[in-house]
> 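Pasting a structure here, questions to come.
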Amino acid sequence: MENMKKLNDLVTWKIGDYALQLSVVILGVLITFGGGNMLNKRAKTKEITNAMELIKIELETNRKSIQEISKTLAVEQKASRYALHFENNLSKASNDSLEMYLSYPFLINNFRAKTDALEMFKMSSLAPQVHDKKLILQIIKTYNEIIVIEDIVKWYYDLKTQYMNDMKTEQDFLYKEDKLLREGIKKNIQQIWQFRLTSFPVHNVLTFISGARDFEKGFPEVETLLNETIQMIEERQGPRGN
């Protein structure tokens with residue numbers, strides 16, 4: 001009876017000990033997998049937040065570039081309209097203004113949209129994990145409008161370049177203008193503009209610039225869209241915004 005009691009106590013202890021150890025192992029496995037999932041979720045959240053921050057910075061860069069090209073286009077247009085306005089009576093024009101606008105109608109600039117951050121985000125596995133689909137659609141819409149601005153600017157400068165190429169065929173005009181410029185801009189500013197306005201290719205360039213869309217107004221719709229999208233990213237990025 002005494003031996004049987006010892007055996008019974010030994011068996012009971014082993015079963016209880018085994019159950020305890022098994023519970024510890026199961027709990028450890030659950031914690032490992034649960035903790036791993038939590039860490040993965042946090043890592044993905046951080047990746048999305050970083051990606052959104054890069055997109056925001058890229059949109060801010062595009063906004064600044066659009067504002068700069070808008071100002072440049074507006075000055076080109078203002079210069080051309082000013083010259084054409086006084087073409088029949090340059091004596092009434094301001095010499096300072098004529099000198100200031102001397103080169104603007106004949107400059108060639110460009111605007112290249114930045115899309116690297118968006119492309120990286122689209123190629124990653126992060127996009128489907130962003131729950132805020134309204135934000136994603138807003139971002140895509142904004143980039144599409146930025147591309148439209150790029151196309152407008154390219155169209156404008158491509159046509160302007162074609163008109164300016166006609167100027168290069170007038171060797172006599174180029175020689176005489178160069179001679180006036182070398183003799184002194186301030187001294188000959190009205191003469192230079194008068195000479196330019198009698199040139200058919202130059203007149204075509206000025207007329208084309210003046211008749212293009214009103215660049216003095218800039219691109220307000222796109223700038224508003226950019227401001228809204230940047231604000232949305234700022235408000236919704238991070239753990240609560242994905």
Side-chain angles (χ1 to χ4, degrees), residues 27 29-78 107-161 208-209 211-242:
L27 184 60
V29 170
L30 291 174
I31 290 172
T32 300
F33 278 97
N37 289 335
M38 189 178 295
L39 289 173
N40 287 336
K41 187 177 180 181
R42 286 182 180 177
K44 289 295 182 184
T45 297
K46 188 175 181 181
E47 287 180 31
I48 292 172
T49 301
N50 291 340
M52 287 295 158
E53 182 65 21
L54 289 175
I55 288 174
K56 187 188 83 167
I57 292 171
E58 188 167 80
L59 290 175
E60 288 171 341
T61 300
N62 281 317
R63 179 176 61 184
K64 184 178 179 182
S65 297
I66 289 173
Q67 289 170 345
E68 288 174 353
I69 196 66
S70 297
K71 290 177 182 177
T72 300
L73 292 169
V75 175
E76 289 181 22
Q77 198 163 57
K78 192 173 182 180
L107 298 176
I108 299 296
N109 291 284
N110 202 357
F111 164 66
R112 186 79 63 185
K114 301 287 188 298
T115 60
D116 293 341
L118 177 67
E119 293 304 319
M120 286 176 61
F121 182 70
K122 285 163 63 177
M123 289 188 294
S124 71
S125 60
L126 298 174
Q129 299 182 51
V130 178
H131 300 155
D132 192 345
K133 302 307 178 187
K134 184 178 179 181
L135 176 60
I136 297 297
L137 290 173
Q138 178 80 6
I139 289 171
I140 292 172
K141 179 183 177 182
T142 305
Y143 272 96
N144 286 341
E145 292 301 316
I146 293 170
I147 297 300
V148 170
I149 300 300
E150 182 182 63
D151 291 340
I152 290 173
V153 174
K154 185 178 183 302
W155 165 84
Y156 169 81
Y157 279 114
D158 282 350
L159 275 177
K160 184 178 173 182
T161 300
F208 164 71
I209 297 171
R213 58 166 288 164
D214 194 354
F215 291 120
E216 290 191 34
K217 295 180 180 179
F219 301 98
E221 298 87 358
V222 179
E223 287 191 45
T224 299
L225 188 60
L226 275 160
N227 293 336
E228 291 173 353
T229 307
I230 290 169
Q231 185 176 353
M232 283 179 69
I233 293 173
E234 289 174 343
E235 291 175 351
R236 304 183 189 191
Q237 68 181 353
R240 295 185 181 179
N242 64 61

> Check side-chain contact (heavy atoms from CB on, under 4.5 Å) between Leu137 and all other residues, then give those that pass, not counting sequence neighbours.
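Counting only residues at least two positions away or on another chain, Leu137 forms no side-chain contact (heavy atoms from CB on, under 4.5 Å).
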
> Quick test of your reading: applying side-chain hydrogen bond (donor to acceptor under 3.5 Å, both in side chains), list the pairs with at least one residue in residues 217-227, sequence neighbours left out, ordered by first then second residue.
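Applying side-chain hydrogen bond (donor to acceptor under 3.5 Å, both in side chains) to every pair that reaches into residues 217-227, excluding sequence neighbours, yields Arg63-Asn227, Gln67-Glu223.
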
> Checking Lys78 now: which residues fulfil side chain to side chain donor-acceptor pair (under 3.5 Å) with it, not counting sequence neighbours?
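Side chain to side chain donor-acceptor pair (under 3.5 Å) check on Lys78 returns nothing, list empty.
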
> Taking only residues two or more places apart in sequence or in another chain, which ones pass ring pair (Phe, Tyr, Trp, His ring centres under 6.0 Å) with Phe219?
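Checked Phe219 against ring pair (Phe, Tyr, Trp, His ring centres under 6.0 Å); zero matches.
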
> If you draw a 6.0 Å radius around CZ in Arg213, do more than 12 non-hydrogen atoms from other residues or ligands fall strictly inside?
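Yes - once you tally the heavy atoms of other residues, nucleotides and ligands closer than 6.0 Å, there are more than 12.
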
> Taking side-chain contact (heavy atoms from CB on, under 4.5 Å) as the definition, give me every residue that meets it alongside Glu47, ordered by chain and number, with sequence neighbours left out.
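Glu47 satisfies side-chain contact (heavy atoms from CB on, under 4.5 Å) with Lys44, Leu126 only.
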
> Applying ring pair (Phe, Tyr, Trp, His ring centres under 6.0 Å), can you list everything that pairs with Phe208, at least two apart in sequence or on another chain?
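So Phe208 forms a ring pair (Phe, Tyr, Trp, His ring centres under 6.0 Å) with Tyr156, Tyr163.
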
> Can you tell whether the side chains of Glu68 and Lys71 come within less than 4.0 Å, N to carboxylate O?
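Here Glu68 does not pair with Lys71 in a salt bridge, since their nearest N and O are not under 4.0 Å apart.
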
> CG/Leu59 to CD1/Ile139 distance, rounded to the nearest 0.5 angstrom?
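One finds 7.0 Å between CG of Leu59 and CD1 of Ile139.
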
> If a pair satisfies salt bridge (Lys or Arg N to Asp or Glu O under 4.0 Å) and one of its residues is in residues 115-126, list it, with sequence neighbours excluded.
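Residue pairs passing salt bridge (Lys or Arg N to Asp or Glu O under 4.0 Å), neighbours aside: Glu119-Lys122.
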
> Among pairs that include at least one residue of residues 146-158, which meet salt bridge (Lys or Arg N to Asp or Glu O under 4.0 Å), considering only residues two or more places apart or in two chains?
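Checked against salt bridge (Lys or Arg N to Asp or Glu O under 4.0 Å) - neighbours excluded - the pairs reaching residues 146-158 are Lys154-Asp158.
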
> Partners of Glu216 by side chain to side chain donor-acceptor pair (under 3.5 Å), sequence neighbours excluded?
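For Glu216 there are no side chain to side chain donor-acceptor pair (under 3.5 Å) partners, ignoring immediate neighbours.
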
> Once side-chain hydrogen bond (donor to acceptor under 3.5 Å, both in side chains) is applied, what residue pairs with a partner in residues 133-145 remain, sequence neighbours excluded?
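Every pair satisfying side-chain hydrogen bond (donor to acceptor under 3.5 Å, both in side chains) with a residue in residues 133-145: Glu58-Tyr143, Gln138-Thr229, Thr142-Thr229.
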
> How long is the straight-line distance from CD1 of Ile209 back to CG of Leu73, given to the nearest 0.5 Å?
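Those atoms lie 9.5 Å apart.
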
> Which pair of non-hydrogen atoms, one from Ser65 and one from Phe111, has the smallest distance, and what is that distance?
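Result for this residue pair: CB-CE1, 3.6 Å.
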
> What's the spacing between Tyr157 OH and Leu107 CG if we round to 0.5 Å?
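Tyr157 atom OH to Leu107 atom CG measures 7.0 Å (nearest 0.5 Å).
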
